Amino acid sequence: MASKIKNIIIFTVIAVVLILIYIFFIKPAPVEQNLISSSPSNTILPNKNTVDQNSLIAKDFLSVLLNVKNIKLDDTIFSDGSFTSLRDSSIFLTSPGPGDQGRLNPFAPIGSDAVAVPPVAPVVLVAPVLPIVPVVPLTCALPKVLNTTTNTCVTPPPPAP
């Protein structure tokens with residue numbers, strides 16, 4: 001009895017797997033209709049009801065348009081004293097100057113703005129210009145000779161015997 005139930009379960013699982021393989025891999029996808037047709041054979045011709053409805057809508061629109069053309073406005077209000085006493089109270093806005101800039105991040109909490117420090121121009125130190133004095137070679141009177149290391153006159157040691 002247990003082997004019969006085992007066989008039934010195996011065949012059922014195999015059948016389900018085969019059905020799933022057919023549905024997902026073998027069965028062709030359904031043909032989808034194009035939203036826009038490119039061939040003239042798919043052109044839909046309007047029927048008589050659609051044409052009648054469109055002509056009724058066009059007639060109604062035309063009658064409303066012609067009624068608007070017949071509207072007459074009374075312009076005596078423009079010569080009335082209360083209209084002529086009206087004054088212009090327009091507010092002229094100016095663009096912000098360089099010092100009137102807003103916050104860097106307008107959505108940041110108040111007080112958390114980073115203060116932008118303007119860059120400081122670098123300071124260049126210039127050494128004072130000293131007058132150029134020509135160097136005159138030093139001459140020594142005999143028996144002294146010039147020591148070139150110290151630029152002084154020194155007495156030479158006596159010659160070796």
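Along the sequence shown, the residues carry numbers beginning at 1. Just so it is clear, the model here is predicted, and its values are computed rather than measured.
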Looking at every heavy atom in both Asp60 and Ser63, which two are closest together, and how far apart are they? O-OG, 2.8 Å
Just to verify, what does Asp74 make a side-chain hydrogen bond (donor to acceptor under 3.5 Å, both in side chains) with, not counting sequence neighbours? Thr76
Remaining members of Leu66's ILVMFWY cluster at a side-chain heavy-atom cut-off under 4.5 Å? Leu62
Suppose clustering is done on Ile, Leu, Val, Met, Phe, Trp and Tyr with side-chain heavy atoms closer than 4.5 Å. Which residues sit in the same group as Ile91? Leu93
Mind checking side-chain hydrogen bond (donor to acceptor under 3.5 Å, both in side chains) for Asp75 and listing every partner two or more places apart, or none if nothing turns up? none
Checking Asn54 now: which residues fulfil side-chain hydrogen bond (donor to acceptor under 3.5 Å, both in side chains) with it, not counting sequence neighbours? none
Give every donor-acceptor pair under 3.5 Å between a side-chain atom in residues 2-29 and any protein atom, sequence neighbours left out.
unit_1, atom_1, unit_2, atom_2, d
Asn7, ND2, Ser3, O, 3.3
Thr12, OG1, Ile8, O, 2.6

Across all chains, not counting sequence neighbours, the side-chain hydrogen bond (donor to acceptor under 3.5 Å, both in side chains) partners of Thr150 are Asn147, Thr152
Is Ile77 isolated, or which residues cluster with it under the ILVMFWY side-chain rule of less than 4.5 Å, directly or via members? Phe78, Phe83, Leu86
